Amino acid sequence: ALSGIIFAMGSQKLLLNIRAEMREPARADAALQLALALYGAIYLAVVLLCGPSPPGLLLHAVPLGNARRLAGFLLWLHVAVSYAINSQALCSSLAASRG
């Protein structure tokens with residue numbers, strides 16, 4: 001579980017690229033602190049709600065049917081958006097390095 005939390009919070013590597021595009025770059029540190037606190041609180045809530053025997057995959061905690069389909073779609077959407085953000089940050093860094 002700890003490795004999952006660390007992986008989820010690993011997006012902080014994008015902070016430098018995001019800071020460069022912010023209107024007020026000085027507020028980037030506060031934004032990162034707030035985001036990490038929210039991630040941590042959400043993960044803590046999930047751990048506490050799962051109880052002593054959580055499922056191997058969190059998606060397995062959702063009952064079969066429309067609820068699991070919705071959860072699967074939201075998970076897919078999350079991955080797609082994360083990919084787009086990471087790709088944009090990478091392309092922006094490469095473009096900046098080429099002058």
Side-chain angles (χ1 to χ4, degrees):
L2 183 59
S3 63
I5 293 171
I6 292 169
F7 174 74
M9 294 183 177
S11 62
Q12 50 105 17
K13 68 184 178 292
L14 299 173
L15 179 65
L16 297 176
N17 293 20
I18 293 170
R19 182 190 323 215
E21 296 185 19
M22 290 178 74
R23 263 185 264 144
E24 298 178 45
R27 297 181 65 192
D29 292 340
L32 178 63
Q33 290 172 358
L34 177 62
L36 292 178
L38 287 173
Y39 279 140
I42 290 169
Y43 272 92
L44 182 60
V46 168
V47 167
L48 293 175
L49 291 172
C50 281
S53 57
L57 296 173
L58 191 56
L59 197 58
H60 292 161
V62 181
L64 290 174
N66 289 334
R68 188 173 292 187
R69 284 187 196 96
L70 177 62
F73 172 74
L74 292 174
L75 180 61
W76 176 85
L77 189 63
H78 165 72
V79 170
V81 168
S82 297
Y83 177 78
I85 290 171
N86 279 298
S87 295
Q88 188 277 335
L90 176 64
C91 291
S92 179
S93 294
L94 290 174
S97 70
R98 295 182 129 208

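Because only heavy atoms are used, hydrogens play no part in the values below, and waters and symmetry mates are left out as well, while side chains stay in. Nothing here was measured: the structure is a model prediction, and the numbers come from that model.
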*Asks:* Would you mind writing out the side-chain donor-acceptor pairs for residues 26-34 within the sub-3.5 Å range, not counting sequence neighbours?
*Replies:*
none

*Asks:* Does anything in residues 50-61 form a salt bridge (charged side-chain N to carboxylate O under 4.0 Å, His left out)? List the pairs, not counting sequence neighbours.
*Replies:* none

*Asks:* Only distances under 3.5 Å count here; give the side-chain donor-acceptor pairs of residues 61-77 to other protein atoms, sequence neighbours excluded, each with its distance to 0.1 Å.
*Replies:*
unit_1	atom_1	unit_2	atom_2	d
N66	OD1	R69	NH1	2.8
R68	NE	V62	O	3.0
R68	NH2	V62	O	2.9

